[in-house]
Protein chains: 2
Amino acid sequence: MINELKSVPEPTLRRLPVYLHYLKDIYKAGKSEVSTTNIAGELKLDPTQVRKDLAYTGIAGKPKVGYDVEVLISTIEDFLNWNNLTDAFLVGVGNLGMAILGYNGFKKYGLNIIAAFDNDPAKIGREIHNVPVLPIEKLSDLIKRMHIHIGILTVPATEAQKITALMIQGGIEAIWNFAPASLKVPEEIVVENAGFTTSLAVLTRKLAEKLK
Amino acid sequence: MINELKSVPEPTLRRLPVYLHYLKDIYKAGKSEVSTTNIAGELKLDPTQVRKDLAYTGIAGKPKVGYDVEVLISTIEDFLNWNNLTDAFLVGVGNLGMAILGYNGFKKYGLNIIAAFDNDPAKIGREIHNVPVLPIEKLSDLIKRMHIHIGILTVPATEAQKITALMIQGGIEAIWNFAPASLKVPEEIVVENAGFTTSLAVLTRKLAEKLK
DNA sequence: AGTTAATAGAGAAAAATTTCTCGATATAAT
DNA sequence: ATTATATCGAGAAATTTTTCTCTATTAACT
Ligand SMILES: NC(=O)c1ccc[n+]([C@@H]2O[C@H](COP(=O)([O-])OP(=O)(O)OC[C@H]3O[C@@H](n4cnc5c(N)ncnc54)[C@H](O)[C@@H]3O)[C@@H](O)[C@H]2O)c1
Ligand SMILES: NC(=O)c1ccc[n+]([C@@H]2O[C@H](COP(=O)([O-])OP(=O)(O)OC[C@H]3O[C@@H](n4cnc5c(N)ncnc54)[C@H](O)[C@@H]3O)[C@@H](O)[C@H]2O)c1
């Protein structure tokens, strides 16, 4: 049990990146210390909740001052494993896949997309923002040979399960799924649905409630 | 109280679109009735939870059989207001903005993007997938004149607050924010963070826990 | 040095959410 | 008709998450 990571409530996990963005902002603005009263006030949360959330990362604060912003940032990043680059493959170089490849920001979140895959001959062989597009047939084998842990899924929903199977066949550990589909995977595979539609549901329902 | 919409737990709201995708799949496959035992089994949830979630939409099921798939689909869609098209503006025609404009799917979710805005002269005046790109200076005024309720934010995080202010000035009701930034808005404005990073945090942490 | 103010952190309480239990009911089989 | 079975729906119980309360600690002020 000594080396086992405490399991964290998902709501906490959802809030940590929010704190991180705020912390980086104030760090850039020159603040070196911050209290939970402070964070909570800005983000409209309860200070105790922020303290409980931060406690999961193991950081210690000082009464009367709060936390060292720089230390807090790197503690959260460590906690999320965003300080270690993890190699990832992306499958489906369409509208969304290209946008993700074109986004430089993921390295800041520990994600290093080293290859993309597609079944469209017009796309195979090209490079999108320095990432080579390879034929889908090579996916399983390359996951295995390169020990890739994370697969990003940006194919149409109808193809999602098929590609998932290929990823699992290659030994993938985690799938970041952007397709509006519920993937069937064995127990031990981590799946996170990026869920545009989930987010949109919250928006549209709240708007409907608001407009009575 | 008679016309007031019940406020729904957010976890429920998050699961409803998941049910919807599954329901559409089995409907296409020819199934006309489905039980919560069934749904829960496929999606690895608790049947009671599925029943409680569905109860929020007001639908009634039949003992021994379950629910009528077609009715259930449209009941959930009504509940989320996805059967009524709502006009929306998008701001920030970059990698992600273009991908969203290129995605035909949002109409299925009640979202009708009728114009996009940018401050890059190279983009202004163009049409991306039949959506005109207009100068950012016109944003506030057009929101007001066209009574736009939903704004989609896909500008860099550094610009997010500025554009938010413009939207609010125009009288926007809800903002779907894709930038990694916490927007400051008045109480009554609905903000939903699409949160790539939030989703990624859940993924990377679970993976870290798994790999010990 | 003593006093005051702000805040961390721990534990208790409250609220929200999930899971369990059970009776009622519709369907199918005998 | 009777019986067996699957499932809904309501309420209770358990669990998880959030909020409250209090004490100890640190820093600034007098
Ligand atoms: N574009 C968006 O803004 C957006 C928003 C929400 C959700 N999504 C979801 O993301 C996914 C991709 O959307 P998109 O707009 O990029 O679609 P797209 O059609 O532009 O891209 C899909 C890509 O996948 C490739 N592909 C298809 N079948 C394949 C297979 N069997 N093997 C390998 N490659 C295959 C296609 O060649 C294409 O390049 C879809 O599931 C969509 O629902 C997209
Ligand atoms: N591309 C992705 O996959 C991705 C993933 C996660 C998050 N995001 C976030 O989405 C946002 C957009 O990302 P992107 O990759 O599309 O960036 P991008 O730089 O490609 O696009 C930004 C667009 O916004 C426009 N813009 C900038 N300032 C503006 C202003 N003041 N008024 C009007 N328009 C303005 C730019 O001209 C550009 O067209 C960013 O906040 C990014 O962090 C993107």
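Below, all heavy atoms of this structure are taken into account, side chains as well, without hydrogens, waters or symmetry copies. Every chain is numbered from 1 and lettered A, B, ... according to where its sequence line falls, protein lines coming before strand lines.
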Whole angstrom is fine here: how far is it from [atom1] in [X] over to [atom2] in [N]?
{"X": "B/Tyr67", "N": "D/dT7", "atom1": "OH", "atom2": "C1'", "value": "9 Å"}
{"X": "A/Arg15", "N": "D/dT17", "atom1": "CZ", "atom2": "C1'", "value": "8 Å"}
{"X": "B/Gln49", "N": "C/dT18", "atom1": "CD", "atom2": "C1'", "value": "6 Å"}
{"X": "B/Lys52", "N": "D/dT15", "atom1": "NZ", "atom2": "C1'", "value": "14 Å"}
{"X": "B/Asp46", "N": "D/dC8", "atom1": "CG", "atom2": "P", "value": "12 Å"}
{"X": "B/Tyr56", "N": "D/dA10", "atom1": "OH", "atom2": "C1'", "value": "13 Å"}
{"X": "B/Leu54", "N": "D/dG9", "atom1": "CG", "atom2": "P", "value": "9 Å"}
{"X": "A/Ile59", "N": "C/dG9", "atom1": "CD1", "atom2": "P", "value": "9 Å"}

Verify, without hydrogens or angle tests, whether B/Lys210 (side chain) and A/Glu173 (backbone) share a donor-acceptor contact under 3.5 angstrom.
-> yes

Under the 3.5 angstrom rule, does the side chain of B/Thr12 hit a backbone N or O of B/Asp53 as a donor-acceptor pair?
-> no

Just to confirm, is there a sub-4.0 Å distance from OP1 or OP2 of D/dC20 to any side-chain nitrogen or oxygen of A/Thr48?
-> no

Counting just side-chain N and O atoms, does A/Arg51 come under 4.0 Å of either OP1 or OP2 of C/dG9?
-> no

Of A/Asp53 and A/Pro63, whose nearest nucleotide on DNA chain D comes first from the 5' end?
-> A/Asp53

Is the number of heavy atoms from other residues, nucleotides or ligands within 6.0 Å of NZ (B/Lys62) greater than 12?
-> no

Has A/Lys44 got more than 12 heavy atoms of other residues, nucleotides or ligands less than 6.0 Å from its NZ?
-> yes

Scan B/Thr36 against the nucleic acid and name what it touches under 4.0 Å (heavy atoms): base, sugar-phosphate only, or nothing.
-> sugar-phosphate

Kindly indicate whether the side chain of B/Lys62 and the base of D/dG9 share any N or O donor-acceptor pair separated by less than 3.5 Å?
-> no

Between the base of C/dT4 and the side chain of A/Lys64, is there a donor-acceptor distance below 3.5 Å?
-> no

With B/Asp78, the side chain to side chain donor-acceptor pair (under 3.5 Å) member among B/Asn83, B/Thr57, B/Asn84 | B/Asn83

